[in-house]
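Note sheet for the following structure.
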Amino acid sequence: MKNMIEMRDIVKMFGPSCANDHISLSVKKGEIISLLGENGAGKTTLMNVLFGLCRRDSGSIAIDGVEMPVEYSPQTAIEHGIAMVHQHLKLVETFTVAQNVILGAETMVSRRLFRREKCERAVGALCSRYGMDIDPKSVVSALPLGAKQRVEILKALYRGCKVLILDEPTTVLTPQETDALFDLLRSFQAAGMTIIIITHKLHEVMAISSRVLVLRQGKAAAIFNTNETTQAELAATMIGKTLVKAQVSAQLHSHDCPPSVELRGLSTAAAGDACPLRDVNLNLYAGRIVGVAGVDGNGQTALVEVLAGVKKLSGGSIQIGAKEIKKNTSGTMRQEGIQIIPEDRHRQGLVLAFSVYENIMLGYRKDRRFVKDGVFRKAKARQFVSQLSNTFDIRPRDTGILVKRMSGGNQQKVVLARELSSPDVKIVVVSQPTRGLDAGAIQSVHSTLLKLREEGKTILLISSDLDEIKALSDEIAILYNGSIAVQRAAQGFADEAIGLYMGGGKEV
Amino acid sequence: MKSKLSRMQSGTLRELGRVAFAMLFAFAAGAVFLMAIGSNPLTIYGAIFAKAFGSFDSTLRRATPLMLSGLAIAIPLQTGMFNMGGEGQIIAGALTAAVVGASDLGLPAGLHAAAAIAAAMAVGAVLSGLPGLLKITRGANEVVTTLMLNSIVSYIVTWLVLNPFKGTDYSPQSKKILPAAEIPTFGKLDFSWGLLIALALCVLTHLFFRSTAKGLEMRAAGAGPAAARYLGINNKLLCLLAMALGGAVASMGGALEVLGGQHAYFDEFFTNYGFDGIAIAYMAGSHPLGIIVTALIISMIRVGALAISRTTGMSPYFVTMLQGLIIILLVTPRFAGTVLSLVRRRFPARKKEEGGAA
């Protein structure tokens with residue numbers, strides 16, 4: 001069979017750093033291939049080059065036997081049958097499904113008018129052909145994330161794509177939605193479409209693709225047939241060493257100890273699109289990690305905001321030891337020893353325009369050791385910050401550097417260093433702590449959390465990465481539609497059951 | 001440590017280069033304009049600088065309220081608030097100082113002046129605090145409210161100086177202040193000890209934002225409000241505080257000029273001092289120490305402008321045009337980028353040498 005995509009010796013530089021260093025990739029017609037690699041390995045860049053979003057510095061590209069010029073636009077790529085579904089969906093939220101799909105490819109009746117019904121019929125036909133349960137007339141903003149993603153795929157199909165590129169398509173999906181997506185992709189494959197999936201999840205590579213190209217630091221590390229390799233081998237190739245997975249020690253702390261924190265019937269007022277809390281009950285224990293799983297947008301944000309004290313409770317109370325809190329201000333929550341690692345470290349965790357020193361001292365601005373009469377004792381403060389920089393391995397060590405110039409992993413270390421180094425830390429609330437980090441940084445965050453657990457801190461871990469929840473938690477709770485659907489020991493909590501609860505179902 | 005120093009220097013140097021280039025370009029464009037209307041740019045610019053340097057004490061006197069006017073923008077800006085009400089705050093402060101200075105309080109010299117300054121600052125704090133309060137409680141855009149307040153304050157002050165606080169029947173001015181309320185000048189020179197107060201305030205503001213916990217909190221409220229909230233910082237209160245401080249500082253500028261220069265409030269005297277503050281703060285990148293320099297620059301061209309109408313017949317508004325050009329060039333991102341790339345193309349060889357030596 002001839003090659004649908006032929007990329008040879010692609011080089012792409014961003015300033016002095018090489019994002020793609022002589023990478024070659026050929027994809028056969030009707031093949032599903034994975035691109036595997038850590039963040040920053042060059043997967044997305046390679047596909048952006050193919051899609052015409054980035055201009056390559058050297059190398060050649062042929063699509064379906066046609067040599068492509070050095071510079072071409074996504075429009076040209078689309079004309080050659082390439083379609084790309086980006087990690088962050090690019091939809092007009094206020095438009096209907098049909099409007100989104102035809103946008104830019106309208107069937108025109110005249111120069112200015114297009115036929116709505118005809119377009120809706122065409123989109124509907126496309127849906128039924130591939131067994132997608134989407135109403136072309138529904139407004140996109142009302143759809144769940146999985147469906148929005150399918151709208152993006154519909155856009156590609158409508159333009160008659162022959163090659164579909166998906167950038168991290170499963171990040172926001174439930175296990176069931178992921179399975180459904182994979183079924184859909186297999187039916188495309190049966191219809192002769194070529195599919196390229198960018199991912200960093202090993203089991204997905206094994207499940208969906210026949211071959212996998214592993215990228216490491218901008219270079220093609222290896223290419224495997226998935227039936228001739230193992231997840232362990234892929235992981236080793238991807239990070240260049242054997243992956244030691246973080247795992248909670250098998251010995252669980254006794255279950256009969258009383259909870260150190262009780263959340264009782266927490267509710268918040270609805271505001272905007274964000275899902276409010278509806279009667280959340282959750283127990284946290286000293287020396288244990290309670291993991292809250294769930295699809296994004298089921299109240300995770302509100303839960304963290306309530307515990308941080310930046311969102312007011314409309315009902316319920318938080319019991320910490322002997323103290324019952326009904327009015328949760330950020331001052332009182334901090335006083336009770338709650339430290340927050342927020343989900344959006346760029347906005348909520350850090351002041352990007354500040355240096356490492358300033359970001360850390362923001363958390364110690366009332367600490368007598370470093371502030372006297374409202375004025376920072378610079379020598380002591382600087383010494384403390386560089387000590388933290390060493391302990392948490394923040395790179396670069398220069399604490400005067402602005403955090404916006406640092407990598408995501410090191411930014412997260414700055415947040416961790418600030419939140420976890422106070423002498424009176426009792427409770428740590430961690431939200432999406434490894435989102436967007438590479439494998440090395442993920443490991444360092446995980447070992448930090450496990451160390452806190454050993455020290456007997458109370459830890460609440462909120463993450464949409466199910467693997468992370470399973471690897472770290474003693475107990476798993478599942479947040480669905482603003483309330484806790486279930487809380488139970490992590491051991492023996494089967495994936496299928498977790499998926500069911502995440503999708504709003506119940507075990508029978 | 002070394003790398004940090006060079007980074008700071010290169011950042012500051014770049015900023016300075018940006019401002020210097022914008023000024024040069026503005027002057028060049030102004031020269032083209034002057035030639036187009038048949039004037040000799042060398043004569044005009046010569047007259048401006050001859051006056052600005054010839055009577056440098058006048059330049060320093062005018063720079064005193066201008067520095068504070070710049071601070072009045074820069075302080076609230078640290079928390080992300082825009083105080084566009086400097087114009088009104090300055091005249092309100094000036095009139096307040098004139099009225100308090102003219103009343104017999106039985107206070108000794110120095111203390112009387114201090115009382116007049118304090119009263120002016122209180123009035124200024126209220127004038128900027130009100131828009132701040134409206135912003136944090138009701139979400140009213142402070143740019144609009146402070147700007148609008150300028151007109152209201154200006155007409156109220158005019159009425160006050162024509163009626164209850166009238167000093168003479170011939171011109172709109174207040175009573176002369178008592179000698180005890182005067183801020184002494186340096187011998188026969190034009191500027192008073194107020195200049196030192198203004199300079200000290202610039203330095204103090206710099207230290208406040210750099211070295212104190214409250215200063216750090218204020219900057220965090222402006223640069224990362226969400227993060228500040230998560231850290232238990234009361235953003236709204238700090239915004240209000242910064243606004244009030246800004247107004248107080250602006251009014252202090254008006255007070256210093258009245259107590260150390262005019263010795264009475266003359267209506268219309270302070271036209272444009274507040275708006276010049278915007279240019280001064282912007283050119284300095286809101287840096288309190290930079291404001292000292294940019295206030296001097298603006299003061300120079302303003303003082304020089306007074307001379308050109310007398311010696312060359314050119315309208316003093318010409319320098320307002322220059323000032324506008326400088327600001328336009330500074331806010332144009334492409335222009336700045338072009339300058340930067342020019343600078344970078346010019347200096348790479350030198351940088352390499354430094355790297356090799358280190």
Side-chain angles (χ1 to χ4, degrees), chain A residues 304-305 307-311 329-335 338-355 357-367 370-378 381-382 386 396-405 415 418-419 429 431, chain B residues 1-12 14-15 77-80 139 203-239 241 245 285-287 337 340-341 344 348 351-352 355 358:
Chain A
V304 178
E305 283 175 344
L307 292 173
V310 300
K311 189 180 209 115
T329 66
S330 52
T332 49
M333 299 312 277
R334 293 236 159 215
Q335 254 168 34
I338 294 195
Q339 304 289 321
I340 309 277
I341 316 287
E343 61 178 274
D344 184 347
R345 60 180 160 270
H346 285 174
R347 258 173 26 83
Q348 300 156 342
L350 296 165
V351 181
L352 284 182
F354 277 14
S355 66
Y357 169 82
E358 288 168 325
N359 267 293
I360 288 182
M361 286 326 288
L362 267 178
Y364 297 88
R365 62 189 194 278
K366 288 177 185 154
D367 193 317
F370 313 118
V371 182
K372 196 181 172 198
D373 303 328
V375 179
F376 283 115
R377 309 163 91 168
K378 266 203 185 127
R382 291 217 177 274
S386 42
R397 286 284 193 275
D398 175 6
T399 56
I401 194 172
L402 300 186
V403 293
K404 69 176 166 200
R405 306 213 188 290
V415 181
R418 183 186 65 215
E419 297 296 319
V429 177
S431 181
Chain B
M1 212 54 200
K2 193 170 189 177
S3 71
K4 206 187 113 210
L5 205 71
S6 68
R7 190 174 57 235
M8 263 172 59
Q9 277 174 347
S10 81
T12 319
R14 195 178 295 167
E15 273 308 301
L77 204 55
Q78 297 287 343
T79 62
V203 175
L204 277 177
T205 307
H206 174 64
L207 291 177
F208 172 73
F209 283 119
R210 218 191 52 172
S211 308
T212 70
K214 254 306 166 261
L216 188 66
E217 285 185 11
M218 276 195 184
R219 283 168 50 217
R229 247 154 46 96
Y230 270 82
L231 284 161
I233 292 171
N234 191 340
N235 291 352
K236 289 182 168 181
L237 200 65
L238 292 180
C239 287
L241 183 63
L245 279 175
S286 285
H287 194 293
L340 278 182
S341 69
R344 227 173 271 145
K351 249 185 199 162
K352 253 178 212 159

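Chain letters run A, B, ... following the sequence lines, proteins first, then strands; residues in each count from 1. Bear in mind that the values here come from a model prediction, so they are computed numbers and not experimental data.
Using a 4.5 Å heavy-atom threshold, the side chains of E419(A) and L231(B) count as touching. Side-chain contact between Y230(B) and V304(A): present, with at least one pair of heavy atoms (C-beta onward) separated by less than 4.5 Å. Annotation: side chain of R365(A) is in contact with side chain of I233(B) (closest heavy-atom distance under 4.5 Å).
Residue contact with chain B, scored on non-hydrogen atoms closer than 4.5 Å, involves the backbone and the side chain of R347(A) alike. Within the 4.5 angstrom heavy-atom criterion, no atom of M333(A) approaches chain B. Proximity to chain B involves both the backbone and the side chain of L362(A), based on heavy atoms less than 4.5 angstrom apart. For chain B, no part of R377(A) is nearby; none of its heavy atoms comes within less than 4.5 Å. F376(A) touches chain B through backbone and side chain together, each having a heavy atom under 4.5 Å away.
Shown here for A227(B) and G349(A), the closest heavy-atom pair between the two residues is CB-C, 4.2 Å. Across A220(B) and F354(A), no two heavy atoms sit closer than the pair N-CZ, 3.5 Å.
Chain B forms the most heavy-atom pairs under 4.5 Å with one residue out of Q348(A), K366(A), K378(A), and that residue is Q348(A). Ranking G309(A), P342(A), G331(A) against chain B, the residue ahead of the rest is P342(A), based on heavy-atom pairs under 4.5 Å. Interface remark: of the candidates K214(B), R229(B), R219(B), R219(B) forms the most heavy-atom pairs closer than 4.5 Å to chain A. Ranked by heavy-atom pairs under 4.5 Å with chain A, the list A213(B), G224(B), P225(B) is led by A213(B).
Here CG of L216(B) is found 8.5 Å from CE of M361(A). Values are rounded to the nearest 0.5 Å.
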